[in-house]
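Here the structure comes first, spelled out in structure tokens, and everything after it is commentary.
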Amino acid sequence: MRLFNLFRKEPPSANAARERLKIVLAHERAGLKGPDYLPKLHKDLIRVVRKYITVGDDKVSVRVQDSGTINRLEVNIELPTTSLMHH
Amino acid sequence: MSKIIVMTSGKGGVGKTTSSASFAAGLAQRGHKTVVVDFDVGLRNLDLLMGCERRVVFDFINVINGDARLKQALIKDKRVDNLWILPTSQTRDKDALKKDGVEKVIEQLKDDGFDYIVCDSPAGIEKGALMALYFADEAIVVTNPEISSVRDSDRILGVLSSRSRRAELDMEPVKEHLLLTRYDTNRVQLGEMLTVDDVLEILAVPLLGVIPESESVLRASNLGAPVILDETSPPGQAYSDAVGRFLGEQVAHRFITAEKRGFFHRLLRRTA
């Protein structure tokens, strides 16, 4: 077993780096677009929603959809399954 | 017509100053009157890498404040013709760099007939880094094949396209170049390091050059001579190629694939 371990290669890690980068950058680039007030609006919304429901930061998303003639502010709040029963 | 180049990265320690020193020396070697300006106020290091630390009397901030004339602060390189260094100050005053002050000095450098003004940016996205990139016509984004460096480069690219003078005045955008430094072909081959193609795919910026990881870089900084002057060293050659490409020459990329090594050598690396 020991001898076997000596020749065992660590799994290559560059693929993991590449995939993690792609995900994090897709996220950050989306966040950087849009108006400056979005991050603050996002925080305020989370604060208000939390008065009534327990939600994680990642369950509330805010973005501006630009469809040419109109800009639509899209707010998405993912409720925990139990909250529907209690409220 | 002067061209302003910013050497930037977001992340620290990736090789901005090393690259500024070599790039400026390379441009000067090819006959272009070049000045390299240190924007890292309070953490002056370009003077060390250029080997002129004992010749600094006046600096960039003195000129901005009118305490010295530009001619008094510029240091002429002793090895390379056409090359000047404008060192920064060691002051801890964070507000030493102001847009109008920097603009005044840049205008004077233009009037002095410099072909290239290379701005060596500090790390981060604060005042110093913003001032270094604000007036740029072209940006060289120095990146290591490592996730935090690539992420920070992406961020600085965003800053370039929104907060530079060209962006604010709705002019043609700052021309971006990617300089991938500390590239280790052996580790890439083993799947331990992001490849050139990975980084290019993620950042989508044209590749100016790949600088291989090499002990020559530390040696150059120990000696205070830009590594491009070490003409037989792989990083020296890679910088020289990159300068050629910047000036529009067609130069094939080197140092991207691993050199062939014997079985014994590979075995040694594997167990090391």
Side-chain angles (χ1 to χ4, degrees), chain A residues 1-47 55-76 78, chain B residues 9-11 14 125 141 143-164 167-168 176 178 180 182-205 210 213 256-258 263 266-272:
Chain A
M1 208 57 192
R2 276 270 166 81
L3 194 69
F4 182 75
N5 275 341
L6 194 68
F7 288 99
R8 198 188 54 140
K9 234 176 75 178
E10 295 259 316
S13 53
N15 288 341
R18 186 177 57 235
E19 296 317 312
R20 289 175 62 214
L21 256 176
K22 281 184 183 168
I23 291 166
V24 75
L25 288 185
H27 224 256
E28 287 177 354
R29 284 171 183 162
L32 285 174
K33 270 183 276 172
D36 291 346
Y37 62 77
L38 270 192
K40 206 162 174 295
L41 175 64
H42 187 215
K43 269 191 199 147
D44 285 351
L45 275 172
I46 289 175
R47 205 164 37 84
V55 290
D57 285 8
D58 56 332
K59 301 297 182 214
V60 178
S61 76
V62 183
R63 58 177 185 163
V64 171
Q65 285 272 66
D66 182 3
S67 49
T69 48
I70 49 161
N71 287 335
R72 178 185 298 123
L73 180 69
E74 193 180 288
V75 180
N76 227 316
E78 198 182 313
Chain B
S9 71
K11 192 175 183 306
V14 297
I125 47 173
V141 179
T143 308
N144 289 168
E146 184 271 324
I147 49 173
S148 54
S149 174
V150 177
R151 181 197 217 174
D152 291 0
S153 292
D154 189 73
R155 192 126 175 98
I156 209 77
L157 286 164
V159 174
L160 275 165
S161 63
S162 61
R163 310 206 39 196
S164 62
E168 283 185 0
E176 300 158 345
L178 179 72
L180 195 60
R182 308 202 66 167
Y183 197 67
D184 187 332
T185 50
N186 290 308
R187 300 201 73 178
V188 167
Q189 199 173 40
L190 292 171
E192 293 175 1
M193 184 178 263
L194 291 170
T195 67
V196 182
D197 290 337
D198 289 340
V199 180
L200 285 177
E201 189 199 330
I202 291 166
L203 293 179
V205 172
V210 176
E213 173 80 62
I256 285 184
T257 46
F263 169 75
R266 285 211 308 269
L267 192 72
L268 280 177
R269 274 196 65 85
R270 174 81 61 85
T271 53

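Order of the sequence lines fixes the chain letters, A, B, ..., with proteins taken first and strands second; residue numbering starts at 1 for each chain.
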Do Glu201(B) and Arg18(A) sit within salt-bridge range, that is, some charged N less than 4.0 Å from a carboxylate O?
-> no
Can you find a pair of side-chain heavy atoms, one from Leu21(A) and one from Leu194(B), that are under 4.5 Å apart?
-> yes
Does NZ in Lys43(A) sit with more than 12 non-hydrogen atoms of other residues, nucleotides or ligands closer than 6.0 Å?
-> no
CZ of Arg20(A) to CD1 of Ile147(B), rounded to nearest 0.5 Å, is 4.0 Å
CD/Glu19(A) to CG/Asp198(B) distance, rounded to the nearest 0.5 angstrom?
-> 8.5 Å
Most contact-rich option vs chain B, by heavy-atom pairs under 4.5 angstrom, among Ala16(A), Ala14(A), Ala17(A), is Ala14(A)
Identify the heavy atoms of Pro12(A) and Gly191(B) that sit nearest to each other, and give their distance.
-> CB-O, 3.3 Å
